[in-house]
Every structure is written in structure tokens, then in C-alpha cells.
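Convention: sequence-line order gives letters A, B, ...; per-chain numbering from 1.
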Protein chains: 2
Amino acid sequence: MQAGREFLMKETDLDNGHGTVKERILKEALYLFSERGFEGTSLQSIADAVGIQKPSLIYHFPSKEDLRRHVLESLVAYWKNELPRILTPADSSSDRLVSTMTSLINFFVEDLNRARLVVRELLDRPEETFALLSEQFSPWTRLIGDYLRMGQQSGLYRKDVAPELFIVQVLVMVIGTVAIGGATSGLVSTESYTPRGLLIKELVRIVQASLYSEQP
Amino acid sequence: MQAGREFLMKETDLDNGHGTVKERILKEALYLFSERGFEGTSLQSIADAVGIQKPSLIYHFPSKEDLRRHVLESLVAYWKNELPRILTPADSSSDRLVSTMTSLINFFVEDLNRARLVVRELLDRPEETFALLSEQFSPWTRLIGDYLRMGQQSGLYRKDVAPELFIVQVLVMVIGTVAIGGATSGLVSTESYTPRGLLIKELVRIVQASLYSEQP
DNA sequence: CCTACCGATCGGTAGG
DNA sequence: CCTACCGATCGGTAGG
């Protein structure tokens with residue numbers, strides 16, 4: 001049952017500085033799924049990128065669908081850890097809303113594949129992704145919504161902000177900007193992609209201008 | 001050469017109230033490409049949706065790639081006609097920027113597949129789509145940019161708006177909201193998709209609040 | 001617009 | 001983790 005298993009493994013199965021084979025599969029799958037889409041990515045191409053044979057890949061993840069779920073779960077897991085940390089800050093002086101958005105932006109800018117993958121999931125499996133977001137994150141967004149309402153009462157935030165809708169829009173704007181902002185900037189430039197930083201800066205301006213009350 | 005061609009056609013080749021076969025292929029392809037992606041859509045599935053055989057489809061569009069280009073071109077053609085009409089209005093009293101955004105929103109809300117398809121193109125072929133947007137629309141967005149700058153000088157618009165970046169962000173927000181807003185609303189709701197109208201309304205609020213100067 | 005067909009590639013299995 | 005293999009489906013062609 002377990003005897004001889006080591007015999008079947010190759011050196012690549014060990015951590016060789018690029019992570020375990022399983023980790024490398026997840027990394028290459030994230031990259032390829034986000035770049036070419038789930039349907040546009042063959043198991044063969046993932047195996048090639050990792051440097052193994054296709055059946056070896058299936059040894060680690062029994063099916064393509066199983067691999068997809070694990071890739072997605074690695075993103076979900078990050079935020080299930082991060083949100084409690086961000087939303088219960090030691091210093092209450094900073095604006096939780098802005099710091100959450102900053103974390104959101106950093107997360108997606110750090111690896112553009114993440115934003116592309118999430119957008120693709122929302123397009124390919126809207127109901128399923130809706131359910132996942134709802135199950136995993138709606139308690140946290142409810143908290144943010146309450147926080148926003150408190151800020152409205154204190155006069156910090158505009159009264160015309162619709163808390164829940166605003167939160168959804170911020171996510172749409174952030175992942176939209178990271179995932180398709182570069183290519184969309186063809187609208188205004190003949191040269192090359194507008195630097196991501198500039199788009200993000202204008203995005204932050206838009207969010208803040210539509211959130212904070214004016215203090216003349 | 002041309003003799004006998006009619007003999008080969010079936011009645012479905014004529015306009016039977018649902019449009020010509022070619023139009024129906026384009027319509028079903030737009031739907032399926034937007035719903036499942038280009039790679040996720042087989043020619044067989046399109047042929048089935050239209051009610052013809054696969055080789056008949058290839059008679060109308062010599063390759064899948066050719067079909068994709070024609071589907072995309074139908075969207076581009078619409079805006080090449082529409083933009084001149086919107087941006088040279090008879091009554092100059094209305095805000096061209098807002099009326100353009102309204103047209104944009106109406107266009108994508110009218111058929112959600114359009115927004116999904118554009119987002120998929122931006123993800124699947126970023127460089128190509130960048131070039132297409134640049135070639136087809138950058139003169140028009142330049143015009144809108146100039147108009148925006150004039151409004152800034154007259155005090156109508158905020159001085160901190162970055163005209164070109166703002167235009168790109170508005171497009172990202174509009175197509176993002178229409179394409180993935182519904183599924184993203186899982187963040188704040190356990191029930192069902194947030195009505196699209198509410199998301200659009202908050203989007204318009206955000207755009208206006210971040211565009212117009214305050215007039216207290 | 002259809003029937004008949006093709007080579008290539010797909011996700012996945014058997015078995016070691 | 002690999003070799004050998006499988007049925008199904010892919011985009012596309014020949015020919016009428």
C-alpha cells in the first residue's frame with residue numbers, strides 16, 4: 001500500500017527551491033488559467049510548464065475540475081486569513097474602508113493573474129462564484145457595510161452612498177482595472193499600455209471622491 | 001459557377017422572420033462566445049443552436065477565427081456609427097460626457113452578452129484588443145478628453161480628474177458592472193443577484209460624484 | 001446547405 | 001512520477 005511509494009517518486013517531487021511539484025502545478029495552472037482561460041488551457045500545457053507528464057499531473061489532482069477548485073481555493077484561503085486581520089486593527093485611527101481597499105489592490109496588483117482568474121470565474125460560472133462569495137465573505141462585507149453606515153452618521157462619508165452596492169462596485173472596479181485596465185487603455189493611447197499605477201491612482205481618487213463628504 | 005446554387009440552399013437560407021442564417025449564426029455565436037468563451041464554444045454547438053450542420057456554418061464563415069472577428073466587428077460597427085451622433089449633438093445644453101456614458105450603459109445593458117464578450121476579448125487577446133480600441137476609437141476619446149478639460153476650466157468638473165484615465169475607468173466600470181456585477185454581488189447578498197438597475201444607479205452616482213465640482 | 005470523413009488533441013485510465 | 005493507450009470531440013475538408 002505504502003511500500004514502494006518513494007521508489008516511484010522522482011527528485012522533482014521534493015522541494016528543489018521552486019517549491020513542491022504540487023505547488024508548482026498550482027502556480028502554473030493559475031498562470032495559464034488566467035491567461036488563456038480554463039477551457040483554453042490543456043492539462044498537457046500545464047504539465048509541460050511544470051516539466052512533468054500529464055498523467056503525473058493527474059496523480060496530484062484527479063481531474064482538471066479538481067485542479068481548478070484548488071487554484072481558486074488558494075485565493076479564497078488568503079482572504080479568509082487576511083480579512084479578520086484587516087478589519088480588527090490595533091490602531092483604530094486609520095480608515096478601515098480605505099485600508100481594506102488598499103489591501104485588495106495590493107493583492108491583485110502583486111499578481112495580475114489573480115484578478116484575471118477571478119474575472120474569468122465570474123464570467124464562466126456566475127452562479128457558482130456568486131454562491132462562493134456569498135458563503136465565504138458576506139459576513140465580512142456586512143461588517144464593512146455597518147462600518148460604512150456608522151461613518152455616514154458621523155458625517156465622514158457621504159449620505160448618498162449605498163453601502164452594499166458601493167462595496168460591490170469597489171470590488172468590480174479594482175479587479176476590473178487590474179484585469180482589463182491595461183488593454184482598455186487602448187481607448188486613449190496609441191502607444192502602449194497606460195502604466196497600471198496611473199490607472200490605480202485615478203481609481204483611488206474616484207472611490208474617495210464618491211465616498212467622503214466634502215469638508216470645505 | 002453560379003448555376004445550381006439555389007438548388008443547394010434550403011428554405012432556412014431565406015429570411016424566415018428570425019433573420020438570415022448568417023445573422024442567426026452571428027447572434028448565436030455572440031451568445032455562446034460571451035457565455036462560455038471562445039475556447040469553450042465548439043462550432044458544433046453554434047451549428048446546433050442555429051439548426052444547421054457544422055460544415056454549413058463553415059460555408060458562411062470559413063473558420064472559427066473568422067466568425068469571432070465578425071462577431072466583434074458588429075459591436076465595433078455600432079459604435080463607429082453611434083459616437084459621431086452622440087458627440088455632435090443638436091442641443092448643446094446636455095452634458096456630452098453623461099450622455100455618452102448613458103449610451104454606453106444602455107448599449108451593454110440592452111444585451112449583457114456584449115459586455116461579457118468585450119471583457120473576454122480583453123482577457124484573451126489584450127494586445128490585439130488594445131490595438132483595435134486604439135485604432136477605432138482613440139480619436140473619439142481624445143475629443144471627449146478635450147471636452148472634459150474644457151469643463152474643468154469652466155469649473156463644471158473637478159480639477160483633480162485625470163481626463164484620459166477617467167475615461168478609461170468609466171469604460172472599465174460600465175462593462176465590469178454589466179459583465180460581472182451580478183455575480184460579484186454575492187459578496188453582500190445570500191439570496192440572489194442584486195438587481196442590475198441598482199448597481200448601475202450606484203455606478204452613475206460614483207461617476208458623477210467623482211466628476212462634478214461641488215456646488216454648495 | 002448536407003453527408004461523409006480526417007488528423008490532431010482533449011481529459012482521463014491502466015498499470016507499474 | 002512514467003509509458004502506453006483510449007474514446008470522444010475538436011476545427012476543418014472533399015465533394016455534391
A side-chain contact here means heavy atoms from C-beta on lying under 4.5 Å apart; do K54(B) and D48(B) qualify?
no

Regarding the side chain of I58(B), the nearest nucleotide among dT3(D), dT13(D), dC2(C) is dT13(D)

State which of dC2(D), dG11(C), dC1(C) makes the closest approach to the side chain of I52(A).
dC2(D)

Tell me: CG of L43(A) to P of dG11(C), nearest whole Å?
4 Å

Just how far, in rounded Å, is C1' of dG11(D) from CD of E39(A)?
15 Å

Separation of dG12(D) P from L67(B) CG (nearest whole Å):
10 Å

Is S56(B) close enough to dC2(C) that one of its side-chain N or O atoms is under 4.0 Å from OP1 or OP2 there?
yes

Give the rounded distance in Å between these two atoms: CD1 of I46(B) and P of dC10(D).
11 Å

What nucleotide among dG12(C), dG12(D), dG11(D) has an atom nearest to a side-chain atom of S42(B)?
dG11(D)

Atom NZ of K54(A) to atom P of dT9(C): distance rounded to whole Å?
11 Å

Pairing check on dG15(C): which nucleotide meets the Watson-Crick or G-U wobble criteria with it, both distances under 3.5 Å?
dC2(D)

Are E128(B) and R68(B) within salt-bridge range, i.e. N to O under 4.0 Å?
yes

With no hydrogens and no angle check, just 3.5 Å: does a side-chain donor-acceptor pair link T177(A) and Q169(B)?
yes

Output the rounded distance in Å from CD (Q53(A)) to P (dC10(C)).
14 Å

Hey, is K80(A) close enough to E73(A) for a salt bridge, meaning N to O under 4.0 Å?
no

Calculate the interatomic distance between E65(A) atom CD and dG12(C) atom P; express it in whole Å.
9 Å

Does any N or O donor sit under 3.5 Å from an N or O acceptor when you compare the side chain of K64(B) with the base of dG12(D)?
no

Determine the interplanar angle of the W79(B) and F107(B) rings, folded into 0 to 90°, and report it as parallel if under 30°, tilted if 30 to 60°, perpendicular if over 60°.
perpendicular

Atom-to-atom span, CZ of F61(B) to P of dT13(D) - whole angstrom:
16 Å

Could you check P55(A) against Q44(A) and say which one's nearest nucleotide on DNA chain C is further toward the 5' end?
Q44(A)

Over all strands shown, is S45(A) touching base, sugar-phosphate only, or nothing at heavy-atom distances under 4.0 angstrom?
nothing

